[in-house]
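One structure is given below, encoded as structure tokens.
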Amino acid sequence: MNLNGLDYELIEAAKKAIRDNYDSIRWWHTVGAAVRTKSGKIYVGVNCDSVSHGSCAEVIAIGSAITAGEREFDTVVAVLGGENEKILPPCGNCRQMMYSYDKSINVIVSEDTKVNVLELLPYPCD
Ligand SMILES: [Zn+2]
């Protein structure tokens, strides 16, 4: 369903990804993400961290889509799991990665707001 310009099916997919995989102790999986491609498909991911390095859930979700051959993205959203479940704006690295793959990508940054990635990254590295 798409009310007020927000893709609620996408938000629910991100919530399901982290609800199914939430683990704040052993694997540090605390964020889920979902990306809708311009072909209409949804890909999901959760963050993968270790003591020395980590990858954000958005990177994993977009990477999954890329692995499936997708290159054009419509909207992405990330959700913090656990007791304080909420939509999270992307980190700086993810903003640049999203911009680099598709400058037209939209990002759901809160329960009622969707913006183009350029609004989150006014001076991108090209
Ligand atoms: Zn990130």
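We number each residue from 1, following the sequence as shown.
Rounding to the nearest 0.5 Å gives a distance of 9.0 Å between CG of N116 and CD1 of I105. Taken from CD1 in I62 to OG in S55, the straight-line distance is 12.0 Å, to the nearest 0.5 Å.
Side chain of D74 to main chain of K41: no donor-acceptor pair is present (N/O by atom type, distance under 3.5 Å, no hydrogens or angles). For N106 (side chain) and T75 (main-chain N/O), no donor-acceptor pair under 3.5 Å exists by modelled atom type. Listed for the T113 side chain is no donor-acceptor partner under 3.5 Å among the backbone atoms of V109. Between the side chain of R95 and the backbone N or O of L120 there is at least one donor-acceptor pair closer than 3.5 Å. Without hydrogens or angle criteria, Q96 side chain to C125 main chain gives a donor-acceptor distance under 3.5 Å.
Heavy-atom minimum distance, A57 versus G32: CB-C, 3.8 Å. Closest approach of A65 and F73 over heavy atoms only: CB-CE2, 3.7 Å. Shortest non-hydrogen contact noted between A34 and I42 is CB-CG2, 4.2 Å.
No hydrogens or angles considered: nothing links the side chains of S110 and K86 as a donor-acceptor pair under 3.5 Å.
Using a 4.5 Å cut-off on side-chain heavy atoms (C-beta onward), E12 and R19 make contact. Within the 4.5 Å cutoff, no side-chain heavy atoms of V107 are placed close to those of K114. No side-chain heavy atom of M97 sits under 4.5 Å from any side-chain heavy atom of V117. In this structure, L88 and V31 have side chains that are in contact, with non-hydrogen atoms separated by less than 4.5 Å. In this structure the side chain of Y43 reaches within 4.5 angstrom of the side chain of T37, judged on heavy atoms. No side-chain heavy atom of N21 sits under 4.5 Å from any side-chain heavy atom of W27.
Around atom OH of Y22, more than 12 heavy atoms belonging to other residues, nucleotides or ligands sit under 6.0 Å away.
The salt bridge (charged side-chain N to carboxylate O under 4.0 Å, His left out) check on D20 picks up K16, with sequence neighbours excluded.
Under the 4.5 Å side-chain heavy-atom criterion for ILVMFWY residues, no single connected hydrophobic cluster contains both I60 and M98.
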